[in-house]
Amino acid sequence: MNRKARFVVAAFLLAGAVGYLMYSGVRQTAVYYFTINEFLAQKESLANEGIRVAGRVELGSVAKKMTPMGEELNFRLGEFKTDGSNDGTVPVHFVGIAPDMFKAAGGSDVIVEGKYRDGMIYAQSLLTSCPSKYEAETAKP
Amino acid sequence: MVDVGSLALVIGLVLALYAVGMSLAGAYWRKRDFIASAEHAALAVWGLVTIAVAALMHALVTHDFSLEYVAHYTSSTLPLQYVIAALWGGQAGSLLFWLFILTSMTAVVLLQNRERNRELMPYVTAVLMIVAIFFLAMLNFITPPFQRLAFTPAEGQDLNPLLQNYWMTIHPPSLYIGYVGCAIPFAFAMGALVTGKLGDQWIRTTRRWTLLAWFFLSMGNLFGAQWAYLVLGWGGYWAWDPVENAAFLPWLTCTAFLHSVMIQEKKNMLKVWNMVLVILTFALTIFGTFLTRSGVISSVHSFTQSGLGPFFIGFLGATLVVSIGLLIWRLPQLKSENELDSVLSRESTFLLNNLILVGIAFAVFWGTVFPVISEAVRGIKITVGPPFFNKVNAPLGLVLLFLTGVGPVIAWRRASARNLQKNFLMPVSLGLLVGIILFASGVRHYYAIISFCLCAFVLTTIVMEFHRGIRARQAMVGENSLTALLHLIGKNRRRYGGYIIHLGVVMIFLAITGTSAFKVEKQITVKPGDTFPMGRYTLRYDGVKSHETPHIAYLTADVAILDHGRQIDTLRPEKRFYKKPQQPTTEVAIRSTVGADLYLVLGSYDEASKMATIQAYINPLVGWMWWGGVVLALGTLVTIVPSRAPARAPAYAPSRGPQAVATE
């Protein structure tokens with residue numbers, strides 16, 4: 001029994017270790033994920049937090065400049081309806097290489113990850129979501 | 001052909017239902033002819049699914065764009081190999097392909113067991129056919145592959161260019177074979193629980209199936225990593241993307257199962273644990289298919305967003321409730337016949353290995369579903385990225401690597417001081433030596449030092465085992481070293497095959513350590529003629545050329561690699577513009593050496609200024625991952641191929657071992 005108890009203790013220690021690793025991992029790396037409208041509603045309380053925001057690039061808002069560090073992109077992110085209207089936008093700054101699917105004209109659906117500071121999102125990464133035409137968007141009932 | 005295909009799926013569903021009913025009724029009333037009829041029906045289901053696959057393949061190859069599936073995923077200019085790969089490139093097709101593998105494996109199992117495992121077989125047939133019914137129902141009612149379009153488009157939309165790659169054509173099939181293979185041990189385990197034949201016979205019967213499934217899961221994961229490395233162009237091979245995790249999870253529990261069954265076979269312990277692992281592995285394969293196909297967690301892979309979710313979750317839930325229920329019902333009969341003797345023993349090493357593997361699986365699962373859970377509980381979507389997975393898994397992975405060295409050579413029951421000294425003095429010394437050398441040469445990445453130490457430690461234990469075996473044979477039979485080695489492996493395939501697999505694992509750990517600790521990354525914008533340093537080389541950008549085919553337009557950069565002013569190579573990273581789904585893709589250029597890969601990406605190009613942004617990476621030791629995969633495959637082959645006649649007999653004997661007899 002004593003021996004068994006020792007194994008139970010060892011298993012608990014291990015479970016505790018895994019649990020601790022996971023807990024501290026979440027604490028250190030968790031990032032809030034918002035849609036653009038959720039973000040706009042509470043952006044001032046999110047300054048300097050790690051955030052991911054999903055939205056659509058405003059048509060014609062993309063300014064592109066080649067720098068020694070890569071492309072510098074400035075654009076406005078919002079939620080754009082079919083008629084082109086929106087409920088507000090936020091400027092985004094990104095230096096790096098835009099993904100293949102990022103359209104210079106705007107209109108791409110993107111996820112930006114970074115920090116919000118002084119009225120602008122400084123993005124460390126810029127991802128494009130897959131365009132809907134590759135998805136089986138209608139599963140027939 | 002198309003109508004034949006959809007008709008085959010309808011009849012297939014009916015016959016699968018019939019097979020389940022008849023085999024359960026046959027088992028209950030002990031009617032042999034019922035059971036035989038059920039098995040024939042199951043074989044017919046396989047035939048019908050094969051017809052459906054052939055019909056869809058025919059439609060794909062003949063470019064029948066009146067079919068939604070064909071129009072969606074192919075075009076008339078798509079090269080033939082990708083037209084064929086489109087069978088598993090889309091949702092309905094991949095589910096059909098899944099079902100095809102399942103029913104084919106069912107057919108093989110039925111033919112293999114015509115004379116064997118007769119009491120288990122009705123339940124095995126029933127379980128496999130229930131899984132088939134689930135997929136048949138989806139194919140008939142939710143995502144029919146033979147859906148016609150209202151009008152026939154002149155041209156198809158083409159396969160996503162990211163999928164138009166060699167590795168992507170073989171990655172999904174091998175992953176699916178791995179997924180589906182896990183259903184076979186699960187079905188036998190359920191049969192064992194229902195019939196109460198809980199000895200290790202079901203484990204012996206399914207050992208090869210488990211190994212086969214594990215092999216294809218391993219290869220599927222490595223092919224996926226290779227694809228990500230070559231196609232996605234971000235310099236890495238593993239991003240902890242939900243869909244990657246979905247393929248990794250069953251691999252972890254399957255690996256745990258392969259190890260813990262050895263304890264059951266040798267010591268009659270861990271029976272409940274093994275059942276849990278089999279159930280978990282099967283559930284995770286369904287979960288994996290669900291994640292890939294439902295798009296529930298946003299991911300680069302979620303090419304689909306559809307109404308499959310509730311069906312998968314329902315099936316998954318029902319599977320877990322029924323199988324765990326059966327397990328609890330049989331709990332009294334699953335008592336261990338032995339107890340663990342000592343912490344320093346092979347049994348407890350294996351147990352620890354299992355706990356760590358399951359711990360990793362739990363952490364990966366948690367990290368994968370975290371956004372969904374946090375959204376449900378707190379209303380905010382919180383994601384954890386690669387740093388979470390790396391932080392949690394690095395220490396656990398290192399303990400696992402350590403156990404890889406300890407497990408095979410530590411004594412059963414209780415390790416004596418002599419056993420420890422004989423087997424571990426040398427490996428530990430060499431491991432420490434590697435650590436000291438690395439530290440003295442200025443390496444301060446502690447995880448990397450520990451990992452390299454452990455690699456040396458494990459490698460030494462393996463080499464010593466081979467060395468001992470060869471010496472023993474030479475002393476006894478006087479063979480030369482090579483013959484002795486071959487005979488050694490041939491006489492004990494499981495053991496030495498296992499060592500070879502471990503060797504592959506060590507190589508993969510080397511690659512993971514090299515790339516995660518010592519990767520160099522640089523991004524630079526240059527004009528033609530500019531040079532910049534990269535590692536020990538100097539790179540010179542020589543400008544961009546373009547050319548076109550009907551399918552693709554190419555933009556190719558010339559980058560010269562200079563070693564002390566002398567040009568040793570030219571790399572040509574590329575941008576491609578696919579014409580049908582108008583989409584650019586990135587084609588990386590790689591110069592591989594044993595020590596490191598130089599990996600170049602043409603990031604962007606400005607026509608007016610002729611300036612290009614180039615991303616350059618040095619990925620140390622990354623090639624060892626692919627070669628490690630080859631070694632792992634060789635090891636599995638050694639383990640899985642039946643030995644010659646004498647050793648073969650037991651595996652084919654109808655019921656073997658005192659345990660199996662005792663429970664009958």
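These numbers come from the heavy atoms of this one structure, side chains and all, not from hydrogens, waters or symmetry mates. A note on names: the letters A, B, ... follow the listed sequences, proteins ahead of strands, and every chain is numbered from 1.
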Q. Can you tell me how far CD1 of B:Ile382 sits from OH of A:Tyr32, rounded to the nearest 0.5 angstrom?
A. 5.0 Å

Q. How would you list all residue pairs meeting side chain to side chain donor-acceptor pair (under 3.5 Å) that involve residues 358-367 of chain B, not counting sequence neighbours?
A. none

Q | Contact class of B:Pro395 relative to chain A, heavy atoms under 4.5 angstrom | A | side chain

Q. Do any of residues 16-28 of chain A have a heavy atom less than 4.5 Å from a heavy atom of chain B, and if so, which, in residue order?
A. A:Val18, A:Leu21, A:Met22, A:Gly25, A:Val26, A:Gln28

Q: Locate the shortest heavy-atom distance separating A:Ile97 from B:Gly603; write the atom from each residue and the value.
A: CD1-CA, 3.2 Å

(Q) Please check if the number of heavy atoms outside B:Phe362 that lie under 6.0 Å from its CZ is greater than 12. (A) no

Q: Might you confirm whether atom NZ of B:Lys522 has over 12 heavy atoms from other residues, nucleotides or ligands at distances under 6.0 Å?
A: yes

Q | Spatial distance of atom OG1 (B:Thr525) from atom NZ (A:Lys65) [nearest 0.5 Å] | A | 12.0 Å

Q: Heavy-atom distances under 4.5 Å only: say whether B:Ile356 touches chain A with side chain, backbone, both or neither.
A: both

Q: Go through B:Val384 and A:Val31 one step at a time and tell me if the side-chain contact (heavy atoms from CB on, under 4.5 Å) criterion holds.
A: CA-CA 6 Å; B:Val384 293; A:Val31 167; over 6 Å; no

Q. At what distance, to the nearest 0.5 angstrom, does OG1 of A:Thr29 lie from CZ of B:Phe370?
A. 8.5 Å

Q) chain A: which of B:Leu352, B:Asp606, B:Thr585 shares the most heavy-atom pairs with it under 4.5 Å? A) B:Thr585

